[in-house]
Amino acid sequence: MLTLKLALQGGGAHGAFTWGALTRLLELPGLAVQAISGTSSGAMNAAAFAQGWARGGAAGARASLDAFWLGLAGRNAVADWWQAQSRLFGDAMPWPQPPVSAAGGGINPLRSMVEEFFDQDVLRHGPVALYIAATRMRDGALEVFSGARLSHDALLASASLPPWFPPTEIDGEAYWDGGFAGNPALEPLLGIGGDDLLCVLLQPQLRQAMPRNPREALMLSAELSFGAAFARELRDLAVARAQAARHLWPNAAERKLRELRLHVIAPDEGLAALGHSAADTRTAQLRALHDLGRDTAGRWLARHAVDLGRRGSFSLDLGAGA
C-alpha cells in the first residue's frame, strides 16, 4: 500500500490543474490517502476528493472531482457573475453582500453549488482527514477548519478572495481566502499518518519567463503574493527539521520531522502566463487545465514514483526540487 498525505494549493479556476493531477495520482496501484489540506480552489478539490473517497475509494474520488469541475463549468457561475458585475460597475464594482456578514441575503456565486454538492456529515466523518485553510480577517491569522468545524461556510471562507467575494462569517468571525495565510497549510499534516507529503501547487517553483509588460508584471506580483505563505512555511519547516536533526534524543514530533518525505508537483510555468485566467470557469479552459495537470503529474511520476515511500523528492535544505 502507498500511503500519502496531500496539500493542495489554491488559485481560482486554475484549480482545474490540480483536478487533472489528482486524476493521474488516483491511478497509482494501492494508493491510500490519509489526510488532505486545501486552500481556496484547493479546498474544493480536497473536499471533492475526500467525499468521493468516502463513498467509493479511488474510483469514487475521481468521479467526485469530475462531477464538481464539470458541474462548475456547466453553471459557469463565477465567470458569468464577474463579467456581468464588471459590465455594470467597472472598477467601482461593489461586493454582492455586506462586507462583514455572510448572512445578510447577499449572493455568493459559489454558495448554491457548494451547498448542493458537498455533504457536511461525510466531510466531517469520512476516512480521509480534511483540513481547510482560511484567513481570519481581523488579524490575518491562519484558521484551519477540520472535524466538526467543517461546513459549507468553511469551504466558502477558504475561497472568499477579494475583491471577487466578500468575507464569509463563521461564529462571529469574518474570513477571507486562505491563500493569504496558508497556501496550502502544511502544519496540520505534519504530525499525523505516514511520512510522504505530496504538495500539488498551481505556481512554478522556478520561472524561466520574466514579465514583458505591466499586465504580466501585475499577474506575477499577484502570484508571488499568494505563494509567499507557502514559501514561508517551507523555510520554517526547514529550520525546524534542521533543529530536530541536531537532537540526540528527539521527541515524537521531531522524529516525524526527521522522517518526513516531501514531494512537490507544480506547473513548469505560471498558468496565467500560459493564457489561463483564474476567473474563467468555461469548459474549454477547465479541460485544458485538467489535461495540463494530468500530463504534469504523469511526467513527475515517471521520474519520482520510485521515491514514494522511500525518500523525499523535494529538498527542504535547498528549497528546490531534487
Do Trp53 and Pro127 come within less than 4.5 Å of each other through their side chains, counting heavy atoms only?
-> yes
Would you say Leu70 and Leu286 make side-chain contact, with heavy atoms under 4.5 Å?
-> no
Sequence-distant partners of Tyr131, ring-ring contact (aromatic ring centres under 6.0 Å, His included), two or more places apart | none
Whether Glu233 side chain and Leu186 backbone form a donor-acceptor pair below 3.5 Å | yes
If you measure from CG on Leu150 to NE2 on His125, what distance do you get to the nearest 0.5 Å?
-> 9.5 Å
What donor-acceptor contacts under 3.5 angstrom involve side-chain atoms of residues 28-35, with partners at least two apart or in another chain?
{"unit_1": "Gln34", "atom_1": "OE1", "unit_2": "Gly194", "atom_2": "N", "d": "2.6"}

Look up atom CG in Leu201 and atom CG in Asn183, then write down how far apart they are to the nearest 0.5 Å.
-> 8.5 Å
Apply side chain to side chain contact (heavy atoms under 4.5 Å, CB included) to Arg55 and Asp119, showing your working.
-> CA-CA 11 Å; Arg55 292 172 171 172; Asp119 185 323; 3.6 Å; yes
Smallest separation among heavy atoms of Val306 and Arg303, with atom names = CG2-O, 4.2 Å
Does the side chain of Ser40 come under 3.5 Å of the side chain of Asp177 through a donor N or O and an acceptor N or O?
-> yes
From Met1 CE over to Thr3 OG1, what is the distance, rounded to the nearest 0.5 angstrom?
-> 6.0 Å
Asn45 to Gly15 - nearest heavy-atom pair and separation = ND2-O, 3.0 Å
Polar side-chain atom of Gln9 near backbone of Gly42 as donor-acceptor pair, under 3.5 Å = no
Under the salt bridge (charged side-chain N to carboxylate O under 4.0 Å, His left out) rule, what pairs show up with a residue in residues 23-37, not counting sequence neighbours?
-> Arg24-Glu27, Glu27-Arg62, Glu27-Arg294
So do the side chains of Leu237 and Leu190 get within less than 4.5 Å of each other, counting heavy atoms only?
-> yes
With a 4.5 Å limit on heavy-atom distance, are the side chains of Ile265 and Leu301 in contact?
-> no
Does Glu115 have any side-chain hydrogen bond (donor to acceptor under 3.5 Å, both in side chains) partners at least two apart in sequence or in another chain, and if so, which?
-> Arg111
Search all heavy atoms of Ala13 against all heavy atoms of Leu289 and return the closest pair with its distance.
-> O-CD1, 3.5 Å
If two hydrophobic side chains count as joined below 4.5 Å and joins carry through other members, does Val122 share a cluster with Met44?
-> no
Minimum heavy-atom distance between Ala21 and Val200, given as atom pair plus value = CB-CG1, 4.0 Å
Side chains of Leu156 and Ser151: closer than 4.5 Å at any heavy-atom pair?
-> no
Spacing of Leu65 atom CG and Leu26 atom CG [to the nearest 0.5 Å] | 7.0 Å
Note, His152 side chain near Gln120 side chain (heavy atom, < 4.5 Å) | yes
List for me each residue that meets salt bridge (charged side-chain N to carboxylate O under 4.0 Å, His left out) alongside Arg124, sequence neighbours excluded, and say none if there are none.
-> none
Tell me, please, which residues at least two apart from Glu143 pass side-chain hydrogen bond (donor to acceptor under 3.5 Å, both in side chains).
-> Arg136, Arg149
Without swapping roles, check the side chain of Gln51 against the backbone of Phe117 for a donor-acceptor pair under 3.5 Å.
-> yes
What residue pairs, at least two apart or across chains, pass ring pair (Phe, Tyr, Trp, His ring centres under 6.0 Å) with a residue in residues 263-285?
-> His263-Trp300
Counting only N and O atoms by type, is there a donor-acceptor contact under 3.5 Å from the side chain of Ser41 to the main-chain atoms of Gly11?
-> yes
Check: Phe145 ring centroid to Tyr175 ring centroid under 6.0 Å = yes
Rounded to the nearest 0.5 Å, what separation is found between the CG atom of Asp195 and the CG atom of Leu4?
-> 11.5 Å
When every non-hydrogen atom of Leu130 is compared with those of Ser146, the smallest separation belongs to O-CB, 3.4 Å
Exam field: side chain Gln285 to backbone Asp280, donor-acceptor pair closer than 3.5 Å = yes
What residues, two or more places apart in sequence or in another chain, satisfy side-chain hydrogen bond (donor to acceptor under 3.5 Å, both in side chains) together with Asp66?
-> Trp19
Under 3.5 Å, is there a donor-acceptor pair between the side chain of Arg241 and the main chain of Leu260?
-> yes
Hits for side-chain contact (heavy atoms from CB on, under 4.5 Å) against Ser158, two or more places apart or cross-chain, chain-then-number order -> Thr39, Ala43, Ile132
Report whether Leu274 and Leu202 are members of the same hydrophobic cluster (ILVMFWY, side-chain heavy atoms less than 4.5 Å apart, transitive linking).
-> yes
Qualifying salt bridge (charged side-chain N to carboxylate O under 4.0 Å, His left out) pairs with a residue from residues 38-47, counting only residues at least two apart or across chains = none
Where at least one partner belongs to residues 29-52, residue pairs that pass salt bridge (charged side-chain N to carboxylate O under 4.0 Å, His left out), sequence neighbours excluded | none
When clusters are formed by joining ILVMFWY residues with side-chain heavy atoms under 4.5 Å apart, either directly or through shared neighbours, do Ile192 and Leu257 land in the same one?
-> yes
Run the side chain to side chain contact (heavy atoms under 4.5 Å, CB included) check on Phe17 and Leu271 step by step: do they pass?
-> CA-CA 9 Å; Phe17 174 94; Leu271 297 176; 4.0 Å; yes
Flag the pair Met113 / Phe68 as yes when at least one side-chain heavy-atom distance between them is below 4.5 Å, and no otherwise.
-> yes
So, are Asp268 and Arg299 salt-bridged, with charged N and O less than 4.0 Å apart?
-> yes
Can you tell me how far the SG atom of Cys199 sits from the CG atom of Leu6, to the nearest 0.5 Å?
-> 9.0 Å
Beyond-backbone contact of Leu25 with Leu198, side-chain heavy atoms, under 4.5 angstrom | yes
Looking at Ala181 and Thr135, what are the two nearest heavy atoms and their distance?
-> N-OG1, 3.4 Å
Show your working on side chain to side chain contact (heavy atoms under 4.5 Å, CB included) between Thr281 and Trp69 and close with a plain yes or no.
-> CA-CA 9 Å; Thr281 55; Trp69 284 99; 5.8 Å; no
side-chain hydrogen bond (donor to acceptor under 3.5 Å, both in side chains) involving Ser64 - partner list, sequence neighbours excluded | none
I would like to know whether Val144 and Leu142 meet side chain to side chain contact (heavy atoms under 4.5 Å, CB included); could you show each step before the answer?
-> CA-CA 7 Å; Val144 177; Leu142 174 67; 4.0 Å; yes
